[in-house]
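Proteins get letters first, then strands, A, B, ... in listed order; numbering begins at 1 in each.
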Protein chains: 2
Amino acid sequence: MAAKAPLDADTILAATEDTLRRHGPAKATVVDVARALGVSHTAVYKHFPSKTALREAVTRRWLSRGRDTLAAIAGDTELSPPRRLRAWLTAVLAAKKAKVRDDPELYAAYGMLAAEHSSVAADHVADLLDQLRGILADGIAGGAFQAGDPAEAARAVFDATFRFHHPAHAAEWQAPGIEAELDAVCTLLLHGLQTRPTTPDLRHDHP
Amino acid sequence: MAAKAPLDADTILAATEDTLRRHGPAKATVVDVARALGVSHTAVYKHFPSKTALREAVTRRWLSRGRDTLAAIAGDTELSPPRRLRAWLTAVLAAKKAKVRDDPELYAAYGMLAAEHSSVAADHVADLLDQLRGILADGIAGGAFQAGDPAEAARAVFDATFRFHHPAHAAEWQAPGIEAELDAVCTLLLHGLQTRPTTPDLRHDHP
DNA sequence: TAGGTGACAGATTTCAAGTTCTGAAACCTG
DNA sequence: CAGGTTTCAGAACTTGAAATCTGTCACCTA
């Protein structure tokens, strides 16, 4: 006969991911997960304190896959910071787009966590902001970008590209013109970050 | 006794707006509206072909109020185009913020129409884009901005400020730091639009 | 004692019924 | 005949009872 299953956290996560994919985040229950594993639902509560914790763990793991691709671009010093910034923003859109297309249920789960201000979303955003900050810091250090605080500039770039990474706009990412629109915004932002003498009219003080 | 009510479209719109405010877009029915007017619900169908048309008309009217304030800023040639652009974007946020705060139910109605791609939302966006295009065209004509097509540039600026005008982000507008964030994005965009010689690294072609 | 069980209380979801709503029709009335 | 009415069919919503789910507890057992 088959050896007894040890039932570790990873096995549970895999089964939960599967269940989530099959039933969607709204209908997937921990009883479903337990059934898939052939155990009673209390068994999974030995490993995860709550259904929410379980969903967060699955989503976190799912988000972390493919993070390397982005981090590689952010850290690729072969590319000049401006090129790197554009490549990174394009890659973020491509990655999100692929996730929505290939895994709509899991993306929906992420969207729900984001909407309810889960730490999963906050951490994911913090991670992205940090990669962005790295690129900008490189550009500032190398003289390509002019900006005071790299973290503040990262925030501004992140804000200006909301349409291309915020889950609320996921449906629009499948539209054909979306890459061109991101490209136009990128160009504008790169011009804005570029080093050059300031002109008085751009300052915020009113006459 | 009171004179008989003529029941024109405007009276119905006012009653609908009231009903919408009282019950919210999800629960307001045309029977409610008719009750408020003291007529049978079929009477309102003499003036509006469907409940959707009624909701759209109310929302359109509600959106049009305060449009003048924005148009005035967009057309204010006293202000240089860069200042005007910042003032306009700030005013859009302020106007939307006020609408959400003072009229959450009507804003929810607008949000629903936007989500289901009603022409009300499309027209509203087109109107804003046109005002934006006007400011940018002025700036390009006057030599302050460098951009090919003003309409394309308007689209890029609109996209880059999604966080500050798209209904999906309405909840975040009440957060305290939001004006500062818009300001940072404005500064970046104004720098990006500003006239200056191009540098090769900003172009899109890959090595 | 780490990892499992079944029984349970209270919250949530489902489902079928009854109700209300939308929109059309045929019909008044000044 | 513009502007109103009642009546009606089918869709959409509400409601309340039954089923299911979450999370706890006391209890096995290797």
Side-chain angles (χ1 to χ4, degrees), chain A residues 1-60 105 108-109 112-113 115-116 118-120, chain B residues 1-59 105 108-109 111-113 115-116 118-120:
Chain A
M1 58 176 73
K4 202 119 184 232
L7 192 62
D8 57 342
D10 242 40
T11 312
I12 296 176
L13 284 181
T16 306
E17 192 171 319
D18 229 60
T19 305
L20 224 38
R21 244 191 280 274
R22 228 187 291 283
H23 301 7
K27 310 191 72 181
T29 72
V30 353
V31 173
D32 289 332
V33 174
R35 242 197 304 272
L37 290 165
V39 297
S40 80
H41 78 281
T42 45
V44 351
Y45 279 98
K46 296 291 175 182
H47 297 266
F48 294 92
S50 69
K51 184 187 184 180
T52 301
L54 183 55
R55 287 204 320 187
E56 289 186 340
V58 169
T59 308
R60 222 178 264 280
E105 308 292 10
M112 290 169 78
L113 293 178
E116 64 206 36
S118 157
S119 66
V120 173
Chain B
M1 58 177 69
K4 204 127 184 223
L7 192 61
D8 58 341
D10 242 41
T11 313
I12 296 175
L13 285 180
T16 307
E17 191 171 320
D18 229 60
T19 306
L20 226 37
R21 244 191 282 273
R22 228 186 291 284
H23 302 357
K27 309 192 72 181
T29 73
V30 353
V31 173
D32 288 333
V33 174
R35 242 197 305 271
L37 290 165
V39 297
S40 81
H41 80 278
T42 47
V44 350
Y45 279 98
K46 299 290 176 181
H47 296 267
F48 293 92
S50 68
K51 184 186 185 182
T52 301
L54 183 55
R55 287 205 319 189
E56 288 186 341
V58 169
T59 308
E105 308 292 10
M112 290 170 78
L113 291 179
E116 65 206 37
S118 158
S119 67
V120 173

>> Let's see if you can work this out: which of D:dT5, C:dT22, C:dT5 has an atom nearest to the side-chain heavy atoms of A:A43?
In response: C:dT5

> Below 4.5 Å, heavy atoms only, C-beta onward: do B:E105 and B:L20 meet side chain to side chain?
Replying inline: no

> What does B:T42 touch in the nucleic acid at a heavy-atom separation under 4.0 angstrom: a base, only the sugar-phosphate, or nothing?
Replying inline: base

>> Taking any heavy-atom pair under 4.0 Å as a contact, classify B:T29: base, sugar-phosphate, or nothing.
In response: sugar-phosphate

> In whole angstrom, what separates A:R35's CZ from C:dG6's P?
Replying inline: 14 Å

>> Between P on D:dT20 and NE2 on A:H23, what's the gap in Å once rounded to a whole number?
In response: 14 Å

> Can you tell which of D:dC21, C:dG23, D:dT5 lies closest to the side chain of B:H41?
Replying inline: C:dG23

>> Nearest whole Å is fine: how far is C:dT22 P from B:R55 CZ?
In response: 10 Å

> Base, sugar-phosphate alone, or nothing: which one does B:K46 contact when heavy atoms must sit under 4.0 Å apart?
Replying inline: base

> Are the side chains of A:M112 and A:R55 in touch, meaning some heavy atoms are under 4.5 Å apart?
Replying inline: yes

> For the side chain of A:T11 and the backbone of A:L7, is there at least one donor-acceptor N/O pair under 3.5 Å apart?
Replying inline: no

> In whole Å, what is the span from the CG atom of A:D32 to the C1' atom of C:dT13?
Replying inline: 13 Å

> On DNA chain D, nearest-nucleotide positions of A:Y45 versus B:K27: which is more 5'?
Replying inline: B:K27

> For A:H47, which contact category applies under a 4.0 Å heavy-atom criterion: base, sugar-phosphate, or nothing?
Replying inline: sugar-phosphate

> Closer to the 5' end of DNA chain C via nearest nucleotide, is it A:G38 or B:A28?
Replying inline: A:G38

> Rounded to whole angstroms, how far apart are CG on A:L37 and P on C:dG3?
Replying inline: 15 Å

> Over how many whole Å does the gap from A:F48 atom CZ to D:dT22 atom P extend?
Replying inline: 15 Å

>> Can you confirm whether the side chains of B:S118 and B:E56 place a donor and an acceptor under 3.5 Å from each other?
In response: yes

>> So which atom in A:V58 and which in A:L13 form the shortest heavy-atom distance, rounded to 0.1 Å?
In response: CG2-CD2, 3.5 Å

